[in-house]
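Proteins come first, then strands; the chains are lettered A, B, ... in the order of their sequence lines, and each starts at number 1. In what follows, every heavy atom counts, from backbone to side chain, and hydrogens, waters and symmetry copies are set aside.
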2 protein chains.
Amino acid sequence: MPRKQLFREFLTRKGLKSTRQREIILDEFLHCATHPSTEEFYLGLREKNPRIGYATVYRTLKLFAECGIAAARNFGDGQTRYESTTTEEHHDHLICRGCGAILEFEDDRIERLQSEVARKHGFVIEKHRLELYGLCGNCAGN
Amino acid sequence: MPRKQLFREFLTRKGLKSTRQREIILDEFLHCATHPSTEEFYLGLREKNPRIGYATVYRTLKLFAECGIAAARNFGDGQTRYESTTTEEHHDHLICRGCGAILEFEDDRIERLQSEVARKHGFVIEKHRLELYGLCGNCAGN
DNA sequence: GTATTTTTGAAAACGATTTTCATTGTTGGA
DNA sequence: TCCAACAATGAAAATCGTTTTCAAAAATAC
């Protein structure tokens with residue numbers, strides 16, 4: 001249940017090793033409340049750990065996604081963002097093109113309609129992606 | 001109203017020129033029923049027009065998007081797909097991870113709920129993206 | 001037609017990400 | 001505890017999709 005442990009068990013299961021770098025990256029990742037791009041994340045990490053390599057961060061974030069404690073996102077700016085997956089409900093995003101703010105939301109009614117649509121087309125859904133792009137209250141001038 | 005004319009007017013308005021290549025690419029694009037990646041599209045084009053350049057195709061597809069007769073899509077495989085925008089309703093996608101099939105759908109109820117969610121967060125939506133990933137009937141073995 | 005300006009295609013550049021490779025670190029036994 | 005085996009690291013090079021550069025060619029304006 002604790003996310004750190006989930007990742008450690010994942011490593012063991014896969015015959016991978018627990019390293020100082022992976023622990024550092026895991027800590028930073030779990031304490032990250034925003035949606036930084038991989039580069040932003042790397043730069044943040046580097047302030048405290050100047051000797052950590054770019055490639056290691058990329059590799060480790062991919063491991064997080066494989067393990068299931070992270071999910072890769074892509075909001076159209078050509079950069080991947082990894083987001084900590086919670087045990088809670090799936091959520092979607094509101095993205096402000098003015099200030100770049102990223103808000104999360106969830107709506108069961110939308111999820112149910114999605115399932116219905118998929119069923120109607122004979123699909124079995126494994127995951128979905130819903131993003132609303134526009135202007136937040138501030139940027140829209142309200 | 002005719003899409004070809006829309007693009008020609010767009011060119012004139014922008015002080016751009018109508019060229020043989022742009023006409024060829026426009027024709028191919030308008031006759032394309034599927035969702036090819038830019039590379040697939042280029043390869044298809046090339047069969048009939050071996051002398052056309054990669055860069056020209058990229059540039060022209062971007063012009064289509066700017067003009068409004070096309071919309072860029074990205075289904076997570078790192079490649080951009082341009083899709084002909086119809087004058088009809090906006091639509092979303094079902095993507096089969098088995099065979100790569102891409103189905104289109106639309107659902108007003110989902111659209112309405114999206115607007116509601118945005119409003120609740122003070123957002124003004126400009127566009128949205130909804131993609132359902134999973135297995136189509138065939139690939140799911142039904 | 002001719003001048004002006006844009007477009008083209010090939011190749012180089014680009015930015016994000018991945019891979020390579022020699023070195024270092026980790027781990028599960030002797 | 002030490003060692004052998006193997007995985008992980010970091011720096012640099014490679015890769016992939018896309019964009020830009022640049023000289024030559026084509027399109028429009030005059």
Touch class at under 4.0 angstrom, heavy-atom based, for [X] against every strand present:
X     : answer
A:K62 : sugar-phosphate
B:T80 : sugar-phosphate
A:S37 : nothing

Review point. Looking at A:D92 and A:R129, does any basic side-chain N land under 4.0 Å from a carboxylate oxygen?
Key: no
Review point. Are A:E39 and A:R81 within salt-bridge range, i.e. N to O under 4.0 Å?
Key: no
[X] [atom1] - [N] [atom2] separation (whole Å):
X     : N      : atom1 : atom2 : value
B:N74 : C:dA16 : CG    : C1'   : 13 Å
B:K14 : C:dT7  : NZ    : P     : 12 Å
B:I25 : C:dT7  : CD1   : P     : 12 Å
A:R51 : C:dG25 : CZ    : C1'   : 14 Å
A:Q21 : C:dT24 : CD    : P     : 13 Å
A:F41 : C:dT17 : CZ    : C1'   : 16 Å
B:I52 : C:dA10 : CD1   : C1'   : 14 Å
A:I24 : D:dG10 : CD1   : C1'   : 14 Å

Review point. Ignoring hydrogens and angles, does a donor from either the side chain of A:R59 or the base of C:dT20 sit under 3.5 Å from an acceptor on the other?
Key: yes
**Study point:** Check: B:K17 side chain, C:dT5 base, donor-acceptor under 3.5 Å
**Key:** yes
Check your understanding: Do the ring planes of A:Y54 and A:Y42 sit parallel (below 30°), tilted (30 to 60°) or perpendicular (above 60°)?
Key -> parallel
Review point. Starting at the 5' end of DNA chain C and moving along, which residue's nearest nucleotide shows up first, B:P50 or B:R22?
Key: B:R22
Check your understanding: Starting at the 5' end of DNA chain D, which residue's closest nucleotide do you reach first, B:D77 or B:L16?
Key -> B:D77
**Study point:** Residue whose closest nucleotide on DNA chain D lies nearer the 5' end, A:G15 versus B:T19
**Key:** A:G15
Of the candidate nucleotides [options], which contains the atom at the shortest distance from the side chain of [X]?
X     : options                : answer
B:Y54 : C:dT18, C:dG9, D:dT18  : D:dT18
B:R20 : D:dA27, C:dT17, D:dT19 : D:dA27
B:T38 : C:dG9, D:dT18, C:dT7   : D:dT18

Review point. Does a side chain donor of either A:R3 or A:S84 reach within less than 3.5 Å of an acceptor in the other side chain?
Key: yes
Review point. When you check the side-chain N and O atoms of A:E131 and A:H93, is any donor under 3.5 Å from an acceptor?
Key: no
Check your understanding: Between B:Y58 and D:dT19, is there a side-chain N or O to OP1/OP2 distance below 4.0 Å?
Key -> no
